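From a predicted model like this one, the values you see are computed outputs, not experimental measurements. Labels below follow one simple rule: chain letters A, B, ... track the order of the sequence lines, proteins then strands, and each chain is numbered from 1.
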Number of protein chains: 2
Amino acid sequence: MQHPNPERAALAGATPARAQTARERARDQITAEIVAAARIRLAESGPGELSLRAVARDVGMVSSAVYRYFASRDELLTALLVLAYDDLGSAAERADAAVADRADVIGRWLAALRAIRGWALAHPGDYALLYGSPVPGYAAPQATIEPAVRVIVVILSIVTEAHALGRIATPTAPAGPVTAAAEMASVAGAVAFVRARGLVGDEVPTELVIRTLMAWTTVFGTVSFELFGHLVGSVTDLDVYFDVVASRLAADLGFSALR
Amino acid sequence: MQHPNPERAALAGATPARAQTARERARDQITAEIVAAARIRLAESGPGELSLRAVARDVGMVSSAVYRYFASRDELLTALLVLAYDDLGSAAERADAAVADRADVIGRWLAALRAIRGWALAHPGDYALLYGSPVPGYAAPQATIEPAVRVIVVILSIVTEAHALGRIATPTAPAGPVTAAAEMASVAGAVAFVRARGLVGDEVPTELVIRTLMAWTTVFGTVSFELFGHLVGSVTDLDVYFDVVASRLAADLGFSALR
DNA sequence: GTAAAAGCAAGAGCACTGCTCTCTTTTGTT
DNA sequence: AACAAAAGAGAGCAGTGCTCTTGCTTTTAC
């Protein structure tokens with residue numbers, strides 16, 4: 001007999017058209033319990049160390065019972081992945097939204113980036129799950145890409161809004177080994193993404209998209225280096241260093257200072 | 001009984017003063033065999049999946065025998081770590097050295113960065129071991145930091161030599177949320193490293209060190225994003241995109257074009 | 001030259017893992 | 001109340017890292 005595929009409803013919160021039966025409610029509740037227990041365990045160890053049996057013990061089940069809810073350990077990890085992406089995304093969104101002066105794009109930029117780092121430091125296990133080396137055989141399911149995109153949308157929104165507000169001096173592309181046409185083609189996907197999202201500033205230049213993608217990459221790299229211990233000898237004050245990086249990134253994007 | 005700590009000699013190549021006995025030679029050879037087998041297994045799966053028992057089977061031993069050579073799985077991984085760091089470092093060094101015109105700093109920059117990415121694509125398992133999420137309990141031993149530094153030294157050398165040659169227009173620090181003094185203090189370790197290494201250009205400005213550190217972070221982030229599949233939707237031509245990133249980084253560092 | 005010491009390989013075994021079965025119990029629905 | 005579907009429990013398989021004991025060989029010491 002095939003195992004059902006139940007965690008969809010519980011995770012996406014997509015209530016089916018029909019009213020839930022009592023059994024469905026119980027199922028969702030236990031599913032949530034399992035995920036919550038897994039999350040706690042993940043907080044204090046990496047994704048590779050997450051033991052399905054240990055999670056089962058935490059919720060007072062035998063390991064085989066968990067397989068009624070998740071067909072495999074990878075499926076449990078996928079559920080945690082979605083949750084973590086959403087958590088990170090909403091943290092960034094909240095930080096951006098908390099800046100009262102919407103025209104203070106540098107302030108919003110700094111707030112969003114600090115929120116990302118703060119979340120990563122507070123949830124290192126989740127961060128490793130999201131951005132650490134993936135399990136070789138593991139391919140992220142379609143359901144994960146939508147929540148994964150939230151944090152990037154926050155960053156992109158700030159940049160595109162700054163552009164629409166005229167608060168960005170779009171940097172020009174430097175002379176390089178690649179033709180301009182090839183450069184544009186290489187990031188066509190990202191540009192199409194911006195357009196499809198209907199973000200403010202439909203005419204956002206390709207160079208700005210490239211710069212934003214690079215900035216996001218640098219943020220990820222900086223946080224990863226800090227979390228994975230690659231900065232121990234070089235950087236003494238990690239808090240300050242992150243702000244330093246964030247301000248350089250803003251400058252490279254062409255943000256014009258407000259004050 | 002305590003296990004001896006044998007792999008030191010075999011890995012560091014530090015031949016003791018006394019001539020090697022037959023047993024010592026055999027030990028070094030078998031140690032090398034184990035490492036080689038582990039390396040092959042690592043190439044086609046992540047570090048977390050590397051099974052000590054499997055490599056034992058590969059070399060025709062029983063698993064307990066391997067523990068004569070490596071006290072734990074982590075120690076085996078450390079040996080692989082040192083090897084991989086050295087491999088990556090020498091790849092970058094060779095790429096830099098292969099540029100005939102030593103004053104063509106942009107060409108050297110591009111060559112070194114391309115070599116780093118090329119090595120990562122050719123050895124994804126090793127790359128994940130070096131720069132992927134570490135095992136939570138694992139702290140890198142002292143012996144690993146020297147080889148880890150090689151690839152960074154290549155990058156730093158190009159930048160400092162370019163500075164000494166006057167081929168870099170040091171960018172000025174943008175106004176930011178941090179005082180200049182705090183900025184300098186935060187990267188004091190990295191600056192001290194440059195001075196201690198006796199790299200060309202002892203008076204290399206702090207801002208340049210920050211920029212180089214950031215550039216290295218971006219390179220790492222770009223390669224990681226590519227390898228871990230975080231660019232699938234956004235970037236269509238990864239080869240071109242990497243060159244785009246590399247040229248932007250060179251521009252941000254203030255490299256003045258040669259031609 | 002022989003005896004003691006140290007090093008090496010093998011095997012059994014422990015506690016753990018992911019996962020698959022079968023069997024029994026619970027539980028919501030009709 | 002009766003029934004079927006779902007859920008839980010348990011045993012079991014193949015694998016893991018690691019330890020300990022048992023023989024055997026090589027090196028060292030007397």
Side-chain angles (χ1 to χ4, degrees), chain A residues 1-7 9-10 18-34 37-38 41-42 45-80 135-138, chain B residues 1-10 16 18-34 38 41-42 45-78 80 135-138:
Chain A
M1 183 187 287
Q2 290 288 89
H3 284 296
N5 201 349
E7 88 287 9
R18 224 181 64 265
Q20 276 194 323
T21 69
R23 184 150 250 164
E24 281 168 342
R25 262 187 294 109
R27 176 174 193 79
D28 287 2
Q29 185 183 326
I30 292 182
T31 305
E33 253 178 74
I34 295 171
R41 289 220 158 251
L42 186 63
S45 56
E49 280 67 38
L50 191 139
S51 155
L52 198 141
R53 287 179 115 118
V55 172
R57 282 192 294 271
D58 288 351
V59 298
M61 280 203 234
V62 88
S63 76
S64 59
V66 177
Y67 281 86
R68 299 262 172 214
Y69 300 86
F70 296 95
S72 69
R73 201 188 81 117
D74 274 1
E75 215 172 79
L76 214 197
L77 282 178
T78 299
L80 293 172
V135 186
Y138 181 78
Chain B
M1 183 186 289
Q2 291 288 89
H3 284 295
N5 201 350
E7 87 288 6
R8 182 84 38 85
R18 228 185 57 268
Q20 278 195 323
T21 69
R23 181 156 253 167
E24 282 169 340
R25 262 187 294 110
R27 181 182 236 313
D28 288 2
Q29 186 182 328
I30 292 181
T31 304
E33 252 177 74
I34 294 171
R41 287 221 160 251
L42 186 63
S45 57
E49 281 66 37
L50 191 139
S51 157
L52 198 141
R53 289 179 113 115
V55 312
R57 283 193 294 272
D58 288 352
V59 298
M61 279 203 232
V62 86
S63 75
S64 60
V66 178
Y67 282 85
R68 294 264 163 205
Y69 299 87
F70 296 94
S72 67
R73 201 190 82 118
D74 273 2
E75 216 171 78
L76 215 195
L77 282 177
T78 300
L80 294 172
V135 186
Y138 181 78

Round to a whole Å and report the spacing from [atom1] of [X] to [atom2] of [N].
{"X": "Asp28(A)", "N": "dA6(D)", "atom1": "CG", "atom2": "P", "result": "14 Å"}
{"X": "Phe70(A)", "N": "dG8(D)", "atom1": "CZ", "atom2": "P", "result": "13 Å"}
{"X": "Arg27(B)", "N": "dG7(C)", "atom1": "CZ", "atom2": "P", "result": "9 Å"}
{"X": "Met61(A)", "N": "dT26(C)", "atom1": "CE", "atom2": "C1'", "result": "14 Å"}
{"X": "Ile34(B)", "N": "dA9(C)", "atom1": "CD1", "atom2": "P", "result": "8 Å"}
{"X": "Tyr67(A)", "N": "dT22(C)", "atom1": "OH", "atom2": "C1'", "result": "17 Å"}
{"X": "Glu75(B)", "N": "dG17(D)", "atom1": "CD", "atom2": "P", "result": "15 Å"}

> Distance check: side-chain N/O of Tyr69(B) vs OP1/OP2 of dG7(C), anything under 4.0 Å?
Replying inline: no
>> Looking at every heavy atom in both Leu76(A) and Ala38(A), which two are closest together, and how far apart are they?
In response: CD2-CB, 3.9 Å
>> Ignoring hydrogens, what is the shortest heavy-atom contact between Ala56(B) and Ser63(B)? Give both atom names and the distance.
In response: CB-CA, 3.8 Å
Using a cut-off of under 3.5 Å, enumerate the N/O to N/O pairs linking the protein to nucleotides 11-16 of chain D.
{"unit_1": "dG12(D)", "atom_1": "O6", "unit_2": "Arg53(A)", "atom_2": "NH2", "d": "3.4"}
{"unit_1": "dT16(D)", "atom_1": "OP1", "unit_2": "Ser51(B)", "atom_2": "OG", "d": "2.9"}
{"unit_1": "dT16(D)", "atom_1": "OP1", "unit_2": "Arg57(B)", "atom_2": "NH2", "d": "3.4"}
{"unit_1": "dT16(D)", "atom_1": "OP2", "unit_2": "Arg57(B)", "atom_2": "NH1", "d": "3.4"}

>> Going by the rule side-chain contact (heavy atoms from CB on, under 4.5 Å), which residues pair with Ala54(A) if we only count those two or more places apart in sequence or in a different chain?
In response: Arg41(A), Ser51(A), Arg57(A)
>> Tell me every residue that passes side-chain contact (heavy atoms from CB on, under 4.5 Å) with Ile30(B), counting only those two or more places apart in sequence or in another chain.
In response: Ile34(B), Met61(B), Tyr69(B)
> Are Tyr67(A) and Leu52(A) side-chain neighbours, meaning at least one heavy-atom pair lies under 4.5 Å?
Replying inline: yes
> Going by heavy atoms in the side chains, are Pro47(B) and Leu42(B) under 4.5 Å from each other?
Replying inline: yes
> The side chain of Arg68(B) lies closest to which of these nucleotides: dC18(D), dA9(C), dG18(C)?
Replying inline: dA9(C)
>> Nearest to the side chain of Val62(B), heavy atoms from C-beta on, is which of dA7(D), dA10(C), dG10(D)?
In response: dA10(C)
>> Could you check whether any side-chain N or O of Arg68(B) sits under 3.5 Å from a backbone N or O of Arg27(B), counting only pairs where one atom can act as donor and the other as acceptor?
In response: no
> Heavy atoms under 4.0 Å, any strand shown: does Ile30(B) hit a base, just sugar-phosphate, or nothing?
Replying inline: sugar-phosphate
